[in-house]
Amino acid sequence: MRFVDEYRDAEKARALSAKIASLCEPGRQYKFMEVCGGHTHTIYKHGLEDYLPENITLVHGPGCPVCVIPMGRVDDAIHIAERPDVIMTSFGDMMRVPGGRGSFFDSMAQGAEIRMVYSPLDALKIARQNPDRRVVFMAIGFETTAPSTAMTVLRAEAEKITNFSVFCNHVTIIPAIKAILDSPDLRLDGFIGPGHVSTVIGCGPYAFIARDYRKPLVVAGFEPLDILQSIYMLLRQLAEGRSEVENQYARVVPWEGNPRALTAVNQVMKLRPYFEWRGLGFISHSALGMRERYAVHDAERIFDIPGVRVADPKACQCGEVLKGVLKPWECKVFGTACTPETPIGTCMVSSEGACAAYYNFGRFSRERVREATR
Ligand code: SF4
């Protein structure tokens, strides 16, 4: 397989679907969590649930970087952005994430200078071009994006660009998976492991899931056949009584990850004692902050930040969706008060959010099912 169409071949998908069905024990229900929001997007965009037997349920995990940012951190970022000497920079999908006082877009409408960037290097360029302003990069994401933030800080240091700083909100996936495994709310049979994060951390850090929790995990790619093959590999492990970490995405994910990227991250950042995740609460050692050596580039040390804590709106059930306890359409405000244009919760903002994926693709297949059963 060399081209993307080959990963979307309907014939091969049907063949895999038949192999999946043949591995299911009659009468047994299977529940697999796709950890990564990119997988959720693929599952609904390509209607993959239609290829699975009814006794397989896919539930969504916490792997959407925008979705897990708590409202308080958005308010803290807006507090920085409102300073007249600051240019805040952010990825586009953060712009509509609601905080307690509105979103970045609302703040821009009130006069704050917030610019969308495609990478932290773009933010560094803005800092170079505006030496009389302080340029802050709103850093979000899992281990996938942390290396580019770290490398940019190292570049800023090398070039002595002191008006560039990072508001660091990078989170780490392993503690979140552990929190889900320890949660009494959910019984899972296995995990479709996050492909992008694994390009950096490798497959080794998941070993405890197989060893201590006896759950199989298959690191998966993002094309439809990748995901179907991963489900087949999970079922094969269960059928053979194994619980192991396997790598379906070996064409991209080296087993040992990317040591150079990890070195850069470790050089610039360190684990925080704890961090608040939207919907999941405080999880210990689950996020990265800047090391003291890079204090000149650390927005949390440069600016006086209120450290706001804001409860999610009452109607919002993102926490249950992020833990896989609720399907998006089971939230009371899904598709009515909460839509991609008017998001109440974060899961409706990013294309990787489970609610946005359902809203954009999945709701049509549900409507088809409802029509067919009328
Ligand atoms: S529909 Fe909106 S409020 Fe409800 S869980 Fe999804 S994002 Fe959160």
Side-chain angles (χ1 to χ4, degrees), residues 1-2 4 7 34-39 41-42 61-66 68 91 93 117-124 137-158 166 168-178 191-211 216-223 226-227 229-230 233 244-272 275 283 285-291 293-294 297 350 352:
M1 287 195 183
R2 286 170 299 152
V4 73
Y7 294 90
E34 86 271 5
V35 175
C36 180
H39 289 146
H41 183 86
T42 301
C64 158
V66 167
V68 299
F91 292 137
D93 52 1
V117 290
Y118 288 102
S119 84
L121 281 176
D122 289 346
L124 186 63
F137 175 61
M138 174 78 177
I140 63 159
F142 288 85
E143 289 92 336
T144 327
T145 49
S148 60
T149 304
M151 294 300 288
T152 305
V153 170
L154 293 173
R155 173 82 68 90
E157 186 193 39
V166 168
C168 191
N169 297 280
H170 285 298
V171 286
T172 57
I173 195 68
I174 297 294
I177 296 179
K178 187 165 185 320
F191 290 91
I192 299 171
H196 292 145
V197 164
S198 306
T199 57
V200 176
I201 68 171
C203 301
Y206 306 116
F208 78 98
I209 299 170
R211 186 187 59 235
L217 181 144
V218 176
V219 173
F222 292 87
E223 291 300 327
D226 287 324
I227 293 175
Q229 189 182 20
S230 304
M233 289 165 76
E244 295 169 11
V245 178
E246 291 183 317
N247 186 8
Q248 183 276 336
Y249 203 24
R251 70 183 186 276
V252 172
V253 174
W255 190 267
E256 67 286 355
N258 183 335
R260 283 186 69 189
L262 288 171
T263 301
V265 172
N266 286 334
Q267 186 176 342
V268 174
M269 300 169 195
K270 63 177 181 184
L271 279 176
R272 295 173 189 268
F275 191 75
I283 304 178
H285 301 111
S286 65
L288 297 164
M290 302 278 286
R291 288 189 186 275
R293 183 186 186 308
Y294 298 94
H297 300 297
S350 162
E352 291 192 19

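- The CG atom of L288 sits 8.5 Å away from atom CG of N266, with the distance rounded to the nearest 0.5 Å.
- Between P147 and N258, every side-chain heavy-atom pair lies at or beyond the 4.5 Å cut-off.
- Under a cut-off of 6.0 angstrom, the local environment of CE in M151 is sparse, with at most 12 non-hydrogen atoms contributed by other residues, nucleotides or ligands.
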Evaluate the criterion side-chain contact (heavy atoms from CB on, under 4.5 Å) for residue pair F275 and V68; output intermediate values, then yes/no.
CA-CA 11 Å; F275 191 75; V68 299; over 6 Å; no

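- If you take CG on L121 and CZ on F137, they are separated by 9.5 Å, rounding to the nearest 0.5 Å.
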Verdict with reasoning, E143 to V265, per side-chain contact (heavy atoms from CB on, under 4.5 Å):
CA-CA 9 Å; E143 289 92 336; V265 172; over 6 Å; no

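- Across all non-hydrogen atoms, the minimal contact from Y206 to V197 is OH-CG1, 4.0 Å.
- Residues R251 and D226 meet the side-chain proximity criterion, which asks for heavy atoms closer than 4.5 Å.
- Here NE2 of H285 is found 15.0 Å from CD1 of I174. Values are rounded to the nearest 0.5 Å.
- Between S286 and V171, every side-chain heavy-atom pair lies at or beyond the 4.5 Å cut-off.
- H39 places no side-chain N or O within donor-acceptor distance of the main-chain N or O of E223, the cut-off being under 3.5 Å.
- Going from atom OG1 of T263 over to atom CD of Q267 covers 8.5 Å, rounded to the nearest 0.5 Å.
- More than 12 heavy atoms of other residues, nucleotides or ligands shown are found within 6.0 angstrom of CZ on R211.
- Using a 4.5 Å heavy-atom threshold, the side chains of I173 and I201 count as touching.
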Before giving the answer on side-chain contact (heavy atoms from CB on, under 4.5 Å), spell out for V268 and L154 the whole-Å C-alpha distance, their side-chain angles and the decisive distance to 0.1 Å.
CA-CA 8 Å; V268 174; L154 293 173; 3.8 Å; yes

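- T199 and P254 make their closest contact through O-CD, 4.2 Å (heavy atoms, listed as atom of the first residue, atom of the second, distance).
- Checking side-chain atoms of E244 against main-chain N and O of A210 turns up no donor-acceptor pair under 3.5 Å.
- Note that CE of M290 and NZ of K270 are 11.5 Å apart. Values are rounded to the nearest 0.5 Å.
- I227 places none of its side-chain heavy atoms less than 4.5 Å from the side chain of E34.
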Show the numbers, then the answer: is there a side-chain contact (heavy atoms from CB on, under 4.5 Å) between M269 and T149?
CA-CA 10 Å; M269 300 169 195; T149 304; 3.8 Å; yes

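- For the residue pair P65 and G141, the shortest heavy atom distance occurs at CB-CA, 3.5 Å.
- With a 4.5 Å cut-off on side-chain heavy atoms, F91 and V66 do not count as touching.
- Using a 4.5 Å heavy-atom cutoff, the side chains of E246 and V218 are in contact.
- Considering all non-hydrogen atoms of both residues, G195 and V253 come closest at O-CG2, 3.5 Å.
- The minimum heavy-atom distance between C203 and V219, with the atom names listed, is SG-CG2, 4.0 Å.
- In this structure, H196 has its ring center closer than 6.0 angstrom to the ring center of F222.
- What you find for E352 and G38 is that their closest heavy atoms are OE1-N, 3.7 Å.
- A heavy-atom distance below 4.5 Å is found between the side chains of R272 and C168.
- Expressed to the nearest 0.5 Å, how far NE2 of H41 lies from SG of C64 amounts to 11.5 Å.
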